Peer 1: 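I am attaching a structure below and will ask some questions about it afterwards.
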There are 2 protein chains.
Amino acid sequence: MSLPHAILTALLEKPSSGLELTRRFDRSIGYFWSSTHQQIYRELGKLEEAGRIRALPTAVTARGQKKEYEVLPAGREELAAWVALPEDPRPVRDPLLLRMRAAAVVGADGIGAELRRHLALHEAQLAEYREIEERNFTPAPTTDEDRLRYLVLRGGIDLETFWISWLTRAIADLDG
Amino acid sequence: MSLPHAILTALLEKPSSGLELTRRFDRSIGYFWSSTHQQIYRELGKLEEAGRIRALPTAVTARGQKKEYEVLPAGREELAAWVALPEDPRPVRDPLLLRMRAAAVVGADGIGAELRRHLALHEAQLAEYREIEERNFTPAPTTDEDRLRYLVLRGGIDLETFWISWLTRAIADLDG
DNA sequence: GATCATTGTGCAACTTGTTGCACAATCGCT
DNA sequence: AGCGATTGTGCAACAAGTTGCACAATGATC
């Protein structure tokens, strides 16, 4: 649904091979649209077949050979059209909240440790975002593109901040 | 993965038919583990076959006939075991943030309207949560079960609050 | 008593995402 | 030259979620 658009965005920022794309997903786009290399290769194949991207001709076509892709005009148009489409927020589906609800019914043994573990994970993620913020957005961005990108990062920061404060409260509540 | 556990939790709270379950998902468990009636019926079938739940004998077995399910001991044990399992937070996958990132590349035409639309949706959701809070958790809960349930609701409230403040900021940023 | 909306159950086809693995080229080391 | 680590591409099987539809019973309405 959205993965092809995530890939088009990444490829517009910089033409890449499948593996490069995978790595960039791990530390950028993947923060808010995660994916595995298998899925990325599959989508690259489909996008190429659909005429939205093409492999740069320099590369030899053989297995184990690096293959760089770039976005074709049709791909850019497709992405621009998608950006303009309205789309409702997806329904929430969070295993931890569900688990808490189940714990209310069958007992909450050991859930405190799980909450603390999650807290640490979210704190680590927040620290990562803060680093990116310092590295890329200090001083404050001036171009429209960078303002948008900064807003997206702020989304990640605020989201982690939400989790941290909720988890902290939950832990205190359960202990008290 | 988690849907069967969501169903077990709901059925433990109160034995129900498929459609009742679907309705309760729409205004309770579904707030953090959404599902459709088709999926619910499918899972009910699997859970019954696996011996975790059973249809109450009162009902006639015919299509279009209401069929109530209750949880068997095996189902409760299964749920309790699941609650104790550690599980990492799922990677974020948010279309709106992705869309903003794409907008940074192909242009942000009309994204302001989309942000405002989402803001309204999240405000409505928050209002719904507030109502539930007032109805069910005022005065403050005393039992452990209710404390856990209230924490889950607080999660929903805080999450909507995060979105509202992020969206408000984003709208201001883009206008300014 | 025919028809229509509602309640209720469910199948089938499809799309998306996950997991596990296979295989090819390249580079550094000894 | 041979070996292993790394880089790189990709298939196959499966699990989970979505979409569209079919069909049965019940109660209300004319």
Side-chain angles (χ1 to χ4, degrees), chain A residues 1-8 10-11 15-26 29-30 32-50 53-56 58-69 82 87-95 98, chain B residues 1-8 10-11 15-26 29-30 32-50 53-56 58-69 82 87-95 98:
Chain A
M1 204 222 338
S2 290
L3 178 58
H5 302 115
I7 291 176
L8 287 173
L11 284 182
S16 305
S17 68
L19 191 61
E20 277 167 25
L21 221 40
T22 303
R23 292 203 216 287
R24 289 173 53 208
F25 262 67
D26 282 346
I29 298 238
F32 40 92
W33 200 273
S34 70
S35 190
T36 58
H37 73 104
Q38 291 94 329
Q39 225 187 325
I40 287 171
Y41 280 114
R42 200 191 343 199
E43 282 307 326
L44 283 172
K46 285 190 199 167
L47 284 167
E48 185 176 22
E49 202 183 356
I53 62 175
R54 63 161 189 171
L56 292 183
T58 53
V60 193
T61 318
R63 199 180 176 123
Q65 271 301 345
K66 195 159 112 173
K67 210 157 106 188
E68 292 235 305
Y69 291 96
W82 176 76
E87 186 182 354
D88 284 351
R90 4 184 67 195
V92 176
R93 223 170 245 154
D94 186 274
L98 179 60
Chain B
M1 203 218 346
S2 290
L3 177 59
H5 303 115
I7 291 176
L8 287 174
L11 285 182
S16 305
S17 68
L19 191 61
E20 275 167 26
L21 220 40
T22 303
R23 293 203 214 286
R24 288 173 54 209
F25 262 68
D26 283 345
I29 297 239
F32 39 93
W33 200 275
S34 70
S35 188
T36 58
H37 72 103
Q38 292 93 331
Q39 227 187 324
I40 287 171
Y41 280 114
R42 201 197 318 193
E43 282 307 326
L44 282 172
K46 284 191 200 166
L47 284 167
E48 186 177 22
E49 202 183 356
I53 62 175
R54 64 162 187 169
L56 292 183
T58 53
V60 193
T61 318
R63 197 179 178 125
Q65 271 302 343
K66 197 158 110 171
K67 210 158 107 190
E68 291 236 306
Y69 290 96
W82 176 76
E87 184 181 356
D88 284 350
R90 4 184 67 194
V92 177
R93 224 170 244 154
D94 186 273
L98 179 60

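Computed from a prediction, not measured in an experiment: that's the story for all the values here. Throughout, protein chains are lettered first and strands after them, A, B, ... in sequence-line order, and every chain is numbered starting at 1.
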Peer 1: Round to a whole Å and report the spacing from CG of Leu3(B) to C1' of dA16(D).
Peer 2: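 One finds 9 Å between C1' of dA16(D) and CG of Leu3(B), rounded.
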Peer 1: Would you say Arg93(B)'s side chain and Ser34(A)'s backbone share a donor-acceptor pair under 3.5 angstrom?
Peer 2: yes
Peer 1: Round to a whole Å and report the spacing from CD of Glu68(B) to P of dG8(C).
Peer 2: 10 Å
Peer 1: Send over the distance from Glu20(A) CD to dT6(D) C1', rounded to a whole Å.
Peer 2: 15 Å
Peer 1: Roughly, in whole Å, what's the span from CG in Leu19(A) to P in dA5(D)?
Peer 2: 18 Å
Peer 1: Mind checking Ser17(A) for me? I need base, sugar-phosphate or nothing, with any heavy atom below 4.0 Å counting as a touch.
Peer 2: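 Sugar-phosphate contact only - Ser17(A) comes under 4.0 Å of backbone atoms but never of a base.
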Peer 1: Reading DNA chain C from 5' onward, which residue's closest nucleotide shows up sooner: Pro91(B) or Tyr41(B)?
Peer 2: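 With Pro91(B) and Tyr41(B) compared, the 5'-side residue is Tyr41(B).
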Peer 1: Picking from dT18(C), dT9(C), dT18(D), which would you name as closest to the side chain of Arg93(B)?
Peer 2: dT18(C)
Peer 1: Apply the test side-chain contact (heavy atoms from CB on, under 4.5 Å) to residues Leu44(A) and Leu21(A): give CA-CA distance (whole Å), side-chain angles for both, the deciding distance (0.1 Å), then the verdict.
Peer 2: CA-CA 10 Å; Leu44(A) 283 172; Leu21(A) 221 40; 3.9 Å; yes
Peer 1: Between Gln39(B) (CD) and dG20(D) (C1'), how many Å, whole number?
Peer 2: 15 Å
Peer 1: So, OP1 or OP2 of dG10(C): does either fall under 4.0 Å of a side-chain N or O from Lys67(B)?
Peer 2: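 Answer is yes, contact under 4.0 Å.
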Peer 1: Is the shortest heavy-atom distance from the side chain of Tyr41(A) to the side chain of Leu19(A) under 4.5 Å?
Peer 2: yes
Peer 1: Taking atom types as they are modelled, is there a donor-acceptor pair under 3.5 Å from the base of dG20(C) to the side chain of Gln38(A)?
Peer 2: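 Check passes, donor-acceptor contact within cut-off.
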Peer 1: Using whole Å, what does the distance between atom P of nucleotide dT9(D) and atom CG of Leu44(A) come to?
Peer 2: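 Distance check: Leu44(A) CG to dT9(D) P gives 9 Å.
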Peer 1: Can you check the Lys46(B) NZ to dG10(C) P distance for me, whole Å?
Peer 2: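 In whole Å, dG10(C) P lies 15 Å from Lys46(B) NZ.
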Peer 1: What contact category does Arg23(B) fall into here, base, sugar-phosphate, or nothing, at under 4.0 angstrom with non-hydrogen atoms?
Peer 2: sugar-phosphate
Peer 1: Would you indicate which nucleotide in dT7(D), dG17(C), dC21(C) comes nearest to any side-chain atom of His37(A)?
Peer 2: dC21(C)
Peer 1: In whole Å, what is the span from the CZ atom of Arg90(A) to the P atom of dA16(D)?
Peer 2: 17 Å
Peer 1: Please find the pair of heavy atoms, one from Ile7(A) and one from Glu43(A), that lie closest to each other, and give the distance.
Peer 2: CD1-CB, 3.5 Å
Peer 1: If I compare all heavy atoms of Leu11(B) with all of Tyr69(B), which pair ends up nearest, and what's the gap?
Peer 2: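 Leu11(B) and Tyr69(B) have their closest heavy atoms at CD2-O, 3.8 Å.
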Peer 1: State which of dT19(D), dG10(C), dT9(D) makes the closest approach to the side chain of Tyr69(B).
Peer 2: dG10(C)
Peer 1: Report yes if a donor N or O on one partner sits less than 3.5 Å from an acceptor N or O on the other, where the partners are the side chain of Arg42(A) and the base of dT18(C); otherwise report no.
Peer 2: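 Present.
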